[in-house]
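The analysis underlying the following values was restricted to heavy atoms, covering all of them including side chains, and did not include hydrogens, waters or symmetry mates. It should be emphasised that the depicted structure is a prediction, and the values quoted were computed from it without experimental measurement. For the single chain, residues carry numbers from 1 onward in sequence order.
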Amino acid sequence: MAAPNFSSVRALIFDLDGTLIDSKLDLIRSVNAMLLELGREQLHEDTISGYIGHGAPQLVGQALGQAATEQECKRALKFFLAYYEDHKMDSTCAYPGVPEALQQLAAFPMAILTNKPVRISGRILEELGLAKYFRAVYGGNSFETKKPNPLGAQTILREFGAAPTEAILIGDSEVDVQTARNAGTFAAAVNYGFGTHDRVAYPADIYLDRLTDLPPLLANRG
């Protein structure tokens with residue numbers, strides 16, 4: 001399959017978990033710590049991994065199951081967020097090639113659009129030395145809606161003065177591809193990461209083995 005023409009692209013929107021950072025283990029451990037706190041059985045890593053990407057409330061809700069009461073969900077979410085705050089950097093790191101790719105793309109206006117809470121996202125980016133590359137960081141609690149609703153992407157485009165056809169959204173899950181489609185931007189998906197992605201139902205415009213595969217596609221810009 002020939003690579004699409006990205007010559008019009010002048011703005012980049014990145015997902016965070018599973019795209020720029022490998023935070024899988026810290027998220028899984030935090031969910032299982034929360035389940036332990038509530039006297040629940042812990043879940044297998046793969047099960048929890050499949051829940052990641054829709055934001056903390058949904059992650060906690062899915063881990064607890066449909067029988068959980070609203071009160072349990074609130075208590076669980078509060079514990080999860082506090083525990084994760086304390087353990088967010090235990091194992092989390094940037095994926096190979098991410099710092100190098102962001103450096104090469106630094107001439108582009110870039111933003112983070114994640115369903116992760118915004119403050120903790122910013123702290124992780126700071127600790128990994130990646131915050132300097134982004135003009136904007138928006139999280140799952142930045143707007144009334146989360147991805148795949150296009151509001152966050154549309155806000156970034158407006159701030160950057162870019163049309164949808166001048167932007168590409170890079171993520172690891174079908175939520176990211178859906179967000180790109182809903183916002184009218186190009187969609188790139190990484191082949192690593194841990195987000196759920198039905199590629200038949202939600203095909204991206206391009207698939208990247210490493211983030212360093214992206215700069216050459218935009219080489220005539222930036």
Are Y133 and I13 joined in one hydrophobic group, where the rule is that I, L, V, M, F, W and Y side chains link up if heavy atoms are under 4.5 Å apart?
no

So, do L64 and M34 sit near enough that their side-chain heavy atoms are less than 4.5 Å apart?
yes

Counting distance only, does the side-chain N/O of Q178 pair as donor-acceptor with the main-chain N or O of P148 below 3.5 Å?
no

Does D22 form a side chain to side chain contact (heavy atoms under 4.5 Å, CB included) with T92? I'd like the steps, not just the answer.
CA-CA 5 Å; D22 184 355; T92 293; over 6 Å; no

Evaluate the criterion side chain to side chain contact (heavy atoms under 4.5 Å, CB included) for residue pair I170 and L211; output intermediate values, then yes/no.
CA-CA 9 Å; I170 305 100; L211 201 62; 4.1 Å; yes

Closer than 4.0 angstrom, basic N to acidic O: yes or no for R210 and E100?
no

On a heavy-atom basis, which atom in A68 and which in R40 lie closest, and how many Å separate them?
CB-NH2, 3.9 Å

Salt bridge or not between E70 and K74? Use side-chain N to carboxylate O under 4.0 Å.
yes

Distance from D213 atom CG to I206 atom CD1, nearest 0.5 Å?
8.5 Å

Would you compute the distance between atom CD1 of I28 and atom NE2 of H44 and round it to the nearest 0.5 angstrom?
9.0 Å

Going from CD on E174 to CG on D198, what distance comes out if it is rounded to the nearest 0.5 angstrom?
6.0 Å

Could you grab the distance from atom CG of L208 to atom CG of D172, nearest 0.5 Å is fine?
11.5 Å

Any heavy-atom pair between the side chains of L81 and P117 that's under 4.5 Å?
yes

Side-chain heavy atoms nearer than 4.5 Å, only ILVMFWY residues, links allowed to pass through others: does that put M89 and V118 together?
yes

If you take all heavy atoms of S30 and F80, which pair is closest and at what distance?
CB-CE1, 3.6 Å

Atom pair CG (L125) and CG (L130), whose distance is rounded to the nearest 0.5 Å:
6.0 Å

Salt bridge or not between D90 and R29? Use side-chain N to carboxylate O under 4.0 Å.
no

For F108 and A11, which heavy atoms make the closest approach, and how far apart are they?
CD2-N, 4.3 Å

Aromatic plane relationship, Y95 with Y192 - under 30° parallel, 30 to 60° tilted, over 60° perpendicular
tilted

Measure across I124 and K116 and return the closest heavy-atom pair with its distance rounded to 0.1 Å.
CD1-CE, 3.6 Å

Hey, are the side chains of Y138 and T114 touching, using non-hydrogen atoms and a 4.5 Å cut-off?
no

I'd like to know if I168 and V137 are part of one continuous hydrophobic network [Ile/Leu/Val/Met/Phe/Trp/Tyr, side-chain heavy atoms within less than 4.5 Å].
yes

Any salt bridge linking R181 with D205? Criterion: basic side-chain nitrogen under 4.0 Å from a carboxylate oxygen.
yes

Pairwise side-chain contact, L35 with E41, heavy-atom cut-off 4.5 Å (strictly under):
no

Any heavy-atom pair between the side chains of V9 and T185 that's under 4.5 Å?
no

Is there a path of hydrophobic side-chain contacts, each under 4.5 Å between heavy atoms, that joins L16 and L102?
yes

Nearest heavy-atom neighbours spanning A167 and L157:
CB-CD2, 3.4 Å

Any heavy-atom pair between the side chains of D176 and K147 that's under 4.5 Å?
yes

Report yes or no: does D26 contribute a side-chain atom to a donor-acceptor pair with the main-chain N or O of S91 at less than 3.5 Å?
yes

Nearest 0.5 Å, what's the CZ-CD1 distance between F14 and I156?
11.0 Å

Is the side chain of S23 donor-acceptor paired with the backbone N or O of D17 at a distance under 3.5 Å, no angle test?
no

Flag the pair E85 and R123 as a salt bridge only when some basic side-chain nitrogen lies within less than 4.0 angstrom of an acidic carboxylate oxygen.
yes

Is atom CZ of R199 surrounded by more than 12 heavy atoms (other residues, nucleotides or ligands) closer than 6.0 Å?
yes

Taking Q62 for the side chain and L59 for the main chain, is one N or O donor matched with an acceptor at less than 3.5 Å?
no

Looking only at heavy atoms, the pair that brings I112 and D15 closest together is CD1-O, 4.5 Å

Main-chain N/O of N191 paired with D209 side-chain donor or acceptor, under 3.5 Å:
no

Does atom CD of E45 have more than 12 heavy-atom neighbours from other groups under 6.0 Å away?
no

Is any side-chain heavy atom of Q58 closer than 4.5 Å to one of Y51?
no

Quick one: sort the F186 and F6 rings into parallel, tilted or perpendicular, breaks at 30° and 60°.
perpendicular

With distance as the sole criterion, is a donor-acceptor pair present between the side chains of Y83 and E37 under 3.5 Å?
no

Is there side-chain contact between V31 and V60, with at least one heavy-atom pair below 4.5 Å?
no

Audit row: L12, L105, side chain to side chain contact (heavy atoms under 4.5 Å, CB included) steps and yes/no
CA-CA 9 Å; L12 309 177; L105 295 166; 3.9 Å; yes

Do L77 and L27 belong together in a cluster built from hydrophobic side chains that touch within less than 4.5 Å?
yes

